[in-house]
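This report concerns only the one structure given below.
Letters A, B, ... mirror the listed sequences (proteins, then strands); counts begin at 1.
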Number of protein chains: 2
Amino acid sequence: MNEGEIVWNINAIITAEIVYLLHTFVFKKIFISGKININMKKIAEGKTKIVYEDGDRYIIEFKDEMTAFDGLKKTSFEKKGFYNKEISVKLFRILEENGVKTHFIEDLGGNRIAVKKLEMIPVEVVCRNIAAGSILKRLPLEKGTKLNGIVEFFYKSDELHDPMISEDHMRFFGEDPERIKEITKKVNRILSEYLEKKGVTLIDFKLEFGKLNGEYILGDEISPDSCRFWIKDRSYDKDVFRFDKGDVSNVYREIYEIICGD
Amino acid sequence: MNEGEIVWNINAIITAEIVYLLHTFVFKKIFISGKININMKKIAEGKTKIVYEDGDRYIIEFKDEMTAFDGLKKTSFEKKGFYNKEISVKLFRILEENGVKTHFIEDLGGNRIAVKKLEMIPVEVVCRNIAAGSILKRLPLEKGTKLNGIVEFFYKSDELHDPMISEDHMRFFGEDPERIKEITKKVNRILSEYLEKKGVTLIDFKLEFGKLNGEYILGDEISPDSCRFWIKDRSYDKDVFRFDKGDVSNVYREIYEIICGD
């Protein structure tokens, strides 16, 4: 290291310090690549998303990772997080336009969205139009049976393997299953209608809700990770990865183009 | 064999024939040991009960066999069927007196009762006042948590290991979960009150329903096989057998004396 380099390094440190002070005391919020506050704190990281706290809202970052079967099967591909974010944004916007309250605030570009701070309830709400997936192992149903939007509740617990719970269990845990079912069935009607116009059948989907001021608000994501999308009898969702039905990266790009295109 | 024996045998055959003809054409119904029609046909045999068809009603025979853990653990003891029958009769009568319709028609003595012919629905309806048993493995609850009579539905299928089903599944299968829950909660109030007077806490119980003229009627049995009865914190039910907590024969006799005694 020569003297020039030392001077350059000191200058670099001073510059960094000034930038830091400006960030902290002057600008309050500095947006880098999609309005991200560099002071925001990571508060949770799951298999496919990271949640940051950003003042009075959360930032959700969609990862390129993908898992199935309780995390036993894993992959990742470029732009997976971007596709899931884009599809979620599109579908949240359609729901909001049709009177469903969601946690979505704004698209921050890239893999990120800003959302409302909900107090999440640890329940997966599954709505099924056509029998597919896990229900075929649980109940004596033929694949393809019409289920007319039946709703199931699953308690989120890796340890207990997300057991199904009854409506009375929901009430016992202090929740209102009737209200959640009402919103879920409305979501089903709105999304099914929108997707049908694009030639996509909404086979089933999983929602997660949180509470804000005592009201249920739709949270989480709505993406090929959490929905079964079929075009004719082909899957355009995570089943392609689960059951090795083709190039999952291509399928995610295709369904993104179909759902988000004009 | 000498000549005398042959004559005796022929006489016996002729006598039997006459008795058979009398049974079939004259008396129509011949009652032996508790008004059982000897012409009645066995239509189903389960792990602990046999069902016979007897004209426009069924006869249920309570067996002395006992099984647990999907039939993996087995035992039997004298009078087990009798105790379960006596307790079921007592509790069905109390329910009928309080306006709950059951399949019970009459006590035929011994191990048998006559019941209405219901079209059974293949669902176990479980009502829980205190957390115990399988729910502790499924949900994050402490043993002893008060559950205030929550109701769960399980689809009866040995092959699928009786999976829990949601209220929407019940509706999908053409049933009315609200009505079944209403009757179940009424049963819970009536039985809990009766048993509490005897010093017995009704922890949880399983019911099975059938339909008659489009109406839900309580079927099956109500016994230490299908209920958890606690006196203080001691089990007086099948848990004694499941978990080797003592002499199950004594415990069944004791709970029979307590529930059926004055």
Side-chain angles (χ1 to χ4, degrees), chain A residues 121-142 144-185 187-188 204-207, chain B residues 121-142 144-185 187-188 204-207:
Chain A
I121 62 168
V123 170
E124 297 193 342
V125 182
V126 173
C127 182
R128 300 181 185 275
N129 293 310
I130 307 271
S134 68
I135 196 171
L136 299 175
K137 279 181 227 148
R138 281 187 286 118
L139 298 182
L141 293 172
E142 292 280 313
T145 306
K146 288 195 177 179
L147 298 175
N148 308 316
I150 61 167
V151 173
E152 300 166 347
F153 300 106
F154 297 88
Y155 183 79
K156 277 173 75 105
S157 161
D158 283 343
E159 199 184 320
L160 298 169
H161 305 289
D162 300 341
M164 205 175 91
I165 57 175
S166 76
E167 297 192 13
D168 270 11
H169 294 145
M170 288 286 283
R171 284 184 200 100
F172 175 77
F173 289 127
E175 305 302 340
D176 179 352
E178 289 303 328
R179 177 66 187 137
I180 292 175
K181 277 172 68 173
E182 195 184 334
I183 305 172
T184 301
K185 290 184 180 206
V187 167
N188 189 30
D204 56 39
F205 57 95
K206 183 262 295 182
L207 302 179
Chain B
I121 63 169
V123 169
E124 297 194 343
V125 182
V126 173
C127 181
R128 299 180 185 276
N129 293 310
I130 307 273
S134 68
I135 198 172
L136 300 175
K137 279 182 227 150
R138 281 187 288 119
L139 298 181
L141 293 172
E142 292 278 313
T145 305
K146 287 195 179 179
L147 298 174
N148 308 316
I150 62 167
V151 173
E152 299 166 347
F153 300 106
F154 296 88
Y155 183 79
K156 275 174 75 105
S157 162
D158 283 343
E159 200 184 319
L160 298 168
H161 305 291
D162 300 340
M164 205 176 91
I165 57 175
S166 78
E167 297 192 12
D168 271 11
H169 295 146
M170 288 286 283
R171 282 184 201 100
F172 175 78
F173 289 126
E175 305 302 339
D176 179 353
E178 289 304 327
R179 177 65 188 137
I180 293 175
K181 278 172 68 174
E182 196 183 332
I183 305 172
T184 301
K185 290 185 181 208
V187 167
N188 189 30
D204 56 39
F205 57 96
K206 182 262 295 181
L207 302 180

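No part of B:Arg128 comes within reach of chain A, as not one of its non-hydrogen atoms sits under 4.5 angstrom from that chain. Neither the backbone nor the side chain of A:Phe154 comes within contact range of chain B, judged by heavy atoms closer than 4.5 Å. Both the backbone and the side chain of A:Pro140 come within contact range of chain B, with heavy atoms under 4.5 Å apart. Of the two parts of A:Leu141, only the side chain, counted from C-beta on, holds a non-hydrogen atom closer than 4.5 Å to a non-hydrogen atom of chain B. At a 4.5 Å heavy-atom cutoff, the contact between A:Lys185 and chain B is made by side-chain atoms alone. Interface residue B:Leu147: backbone and side-chain heavy atoms are both found under 4.5 Å from chain A. Only the side chain of B:Thr145 comes within contact range of chain A, with at least one heavy atom under 4.5 Å from a heavy atom of that chain. For chain B, the nearby parts of A:Ile165 are the backbone and the side chain; heavy atoms of each come within less than 4.5 Å.
Ranked by heavy-atom pairs under 4.5 Å with chain A, the first of B:Glu159, B:His161, B:Lys181 is B:Lys181. No other option in A:Pro177, A:Gly149, A:Pro163 has as many heavy-atom pairs under 4.5 Å with chain B as A:Pro163.
The CZ atom of B:Phe172 sits 9.0 Å away from the CG atom of A:Leu139 when rounded to the nearest 0.5 Å. Expressed to the nearest 0.5 Å, how far CE of B:Met170 lies from CD of A:Glu167 amounts to 11.0 Å.
A heavy-atom distance below 4.5 Å is not found between the side chains of A:Ser166 and B:Val151. A heavy-atom distance below 4.5 Å is not found between the side chains of B:Glu152 and A:Asp168.
Contact between B:Lys137 and A:Leu160 at its shortest, heavy atoms only, is O-CD2, 3.4 Å.
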